[in-house]
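The block underneath contains the structure these notes are about, expressed in structure tokens.
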Amino acid sequence: MKILLTGAAGFIGFHTAKKLIKSGYEVVGLDNINDYYDKNLKYGRLKELYIKKEEIEYAKIIQSDKLKGFSFVKMNLEDKDGIFGLFEKHKFDGVCHLAAQAGVRYSLENPYSYIDSNIYGFLNILESCRQFGVSNLSFASSSSVYGLNKKQPFSEHDSVDHPISLYAATKKSNELMAHTYSHLFGLRTTGLRFFTVYGPWGRPDMALFKFVKNILEDKPIDVYNYGNMQRDFTYIDDIVEGIFRTIEKPAEENKNFNAENPDPATSFSAYRIYNIGNNAPVKLLDFIKAIEDNLKKKAKLNMMPMQMGDVASTYANISELSEDFGYKPKTPVEVGVNKFIAWFREFYNI
């Protein structure tokens, strides 16, 4: 099968590319390599996929030097003609759409980039799937859609009508758009609500990266809500395994759909939404302790109030993904943190 993988130079996309290539898929990776965070990290990931930085140009397909079946194109999701042309040329069997403008806090500073990438860009992906007969679309959603929900663990059957950041609102919009295309055009779509993904090659704007960097440099770390936070930290390998299984097994129409009591997680259309997390939330101060234990160094804590658009706790109910795909996360936080720090030291020569 030939797969379009968007966000291939991103954290999750890079690891997903490696999994797909190893499993025998032909993969065309797409990314615009924007400057939301350090481009050198993105180019470093592509180098691991044997894509040379100096050969990358907009809309030019680059073949991997050593990985058979992998190629890369630098392109914006908003480039309608470019995206359509890519689909027309390659006749993809499936799409794994992981590209997006990420980050809750950044959406307070640059809201237009979220509409461009996450709404208009996603529409280009959906329309291309429809126009060129793609049979299966897996796409990234986010735990942030749960917004002000108080009941935990978060379930796919809960209402997500109260997002508290523009980023979350665009992710909920993606889910609604995907459902519409499934219903109208029979496109099989599977959305995955990621819960705080971490691990080697992680993003610099994420807590683990910032904490490790600042502790090693003897700088204080910002601890929001005065440390009264917990997150369902999920290791990258566990996330990728879940993504891979949804690509291997596309959504099917739900024959038990109840039209009188419709449920967003059990749509009649070939559309599914799943939580993908660790199902074991960790207190933020315990997470910091795991970092301190590895570095053998105490963090300087800068206690701060809750940030706008943030939530105090996330906790994933993963029973649906476990039942349908046999998904079971395997990586304890201590192990995942240690693997990240080992990568960080090697990549930055510390």
Side-chain angles (χ1 to χ4, degrees), residues 4-13 30-37 58-59 73-87 92 94-132 134 136-148 156 159-185 187-194 197 203 205 243 251 264 267 269 271-274 308-310:
L4 173 65
L5 174 66
T6 70
F11 171 36
I12 301 175
L30 179 149
D31 204 293
N32 69 352
I33 317 181
N34 66 22
D35 58 1
Y36 170 59
Y37 60 82
Y58 267 112
V73 59
K74 182 180 179 181
M75 187 179 292
N76 285 314
L77 293 174
E78 309 94 283
D79 181 357
K80 177 183 174 183
D81 292 340
I83 296 293
F84 272 48
L86 196 66
F87 274 76
F92 298 113
V95 175
C96 181
H97 179 58
L98 303 178
Q101 178 56 63
V104 169
R105 296 184 185 104
Y106 187 63
S107 66
L108 302 173
E109 303 170 22
N110 190 4
Y112 288 97
S113 66
Y114 290 78
I115 302 303
D116 291 341
S117 295
N118 300 5
I119 302 298
Y120 187 62
F122 189 56
L123 177 61
N124 286 338
I125 294 295
L126 289 171
E127 267 297 296
S128 297
C129 288
R130 175 171 84 97
Q131 297 289 348
F132 299 101
V134 174
N136 182 30
L137 169 66
S138 299
F139 69 95
S141 187
S142 168
S143 62
S144 66
V145 300
Y146 289 107
L148 294 174
E156 299 92 336
S159 168
V160 287
D161 289 337
H162 306 286
I164 57 172
S165 69
L166 183 61
Y167 170 68
T170 63
K171 285 302 182 180
K172 180 185 176 180
S173 298
N174 288 170
E175 295 179 2
L176 296 172
M177 294 163 72
H179 183 275
T180 300
Y181 272 69
S182 291
H183 175 73
L184 292 175
F185 309 116
L187 175 63
R188 297 183 178 193
T189 59
T190 304
L192 295 169
R193 292 173 176 170
F194 296 138
V197 189
R203 298 198 330 247
D205 62 322
I243 295 170
S267 165
S269 304
Y271 162 90
R272 295 293 176 269
I273 289 291
Y274 293 100
M308 283 196 303
D310 214 345

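Numbering of residues begins at 1 and proceeds along the displayed sequence.
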Does [X] reach the main-chain N or O of [Y] with its side chain, forming a donor-acceptor pair under 3.5 Å?
| X | Y | result |
| --- | --- | --- |
| S141 | G191 | no |
| T189 | S182 | no |
| N124 | L77 | yes |
| S143 | F194 | yes |
| D31 | A9 | yes |
| D79 | G82 | yes |

Would a 4.5 Å heavy-atom cut-off, applied to side chains only, mark [X] and [Y] as touching?
| X | Y | result |
| --- | --- | --- |
| I12 | I243 | yes |
| N136 | V95 | no |
| Y167 | S142 | yes |
| R130 | L187 | no |
| L137 | T190 | no |

Yes or no on side-chain contact (heavy atoms from CB on, under 4.5 Å) for I83 and L30, after CA distance, side-chain angles and deciding distance?
CA-CA 10 Å; I83 296 293; L30 179 149; 3.8 Å; yes
Nearest-0.5 Å distance, [atom1] of residue [X] to [atom2] of residue [Y]:
| X | Y | atom1 | atom2 | answer |
| --- | --- | --- | --- | --- |
| N32 | S117 | CG | OG | 6.5 Å |
| K74 | N34 | NZ | CG | 9.5 Å |
| M177 | T170 | CE | OG1 | 10.0 Å |
| S107 | M308 | OG | CE | 9.0 Å |
| I125 | L4 | CD1 | CG | 5.5 Å |

So, using ring pair (Phe, Tyr, Trp, His ring centres under 6.0 Å) as the criterion, who are the partners of Y274 when residues are at least two apart?
F325
With Y181 via ring pair (Phe, Tyr, Trp, His ring centres under 6.0 Å) - residues at least two apart:
F185
Closest non-hydrogen atom pair, [X] against [Y]:
| X | Y | value |
| --- | --- | --- |
| I119 | S173 | CD1-CB, 3.6 Å |
| S113 | Q101 | OG-CG, 3.5 Å |
| Y37 | R203 | CE2-CD, 3.5 Å |
| A168 | V145 | O-CG1, 3.8 Å |
| G7 | A99 | N-CB, 3.4 Å |

Show me the pairs that pass ring-ring contact (aromatic ring centres under 6.0 Å, His included) and involve residues 103-127, at least two apart or across chains.
Y36-Y106, H97-F122, F122-F139
Only pairs at least two apart or in different chains count here, so list each salt bridge (Lys or Arg N to Asp or Glu O under 4.0 Å) that has a residue in residues 159-180.
D161-K172, E175-R193
Please list all pairs meeting salt bridge (Lys or Arg N to Asp or Glu O under 4.0 Å) that have one or both residues in residues 101-118, counting only residues at least two apart or in different chains.
R105-D310
Taken in chain and number order and not counting sequence neighbours, the residues that satisfy side chain to side chain contact (heavy atoms under 4.5 Å, CB included) with F84 are K80, E127, S128, Q131, F132
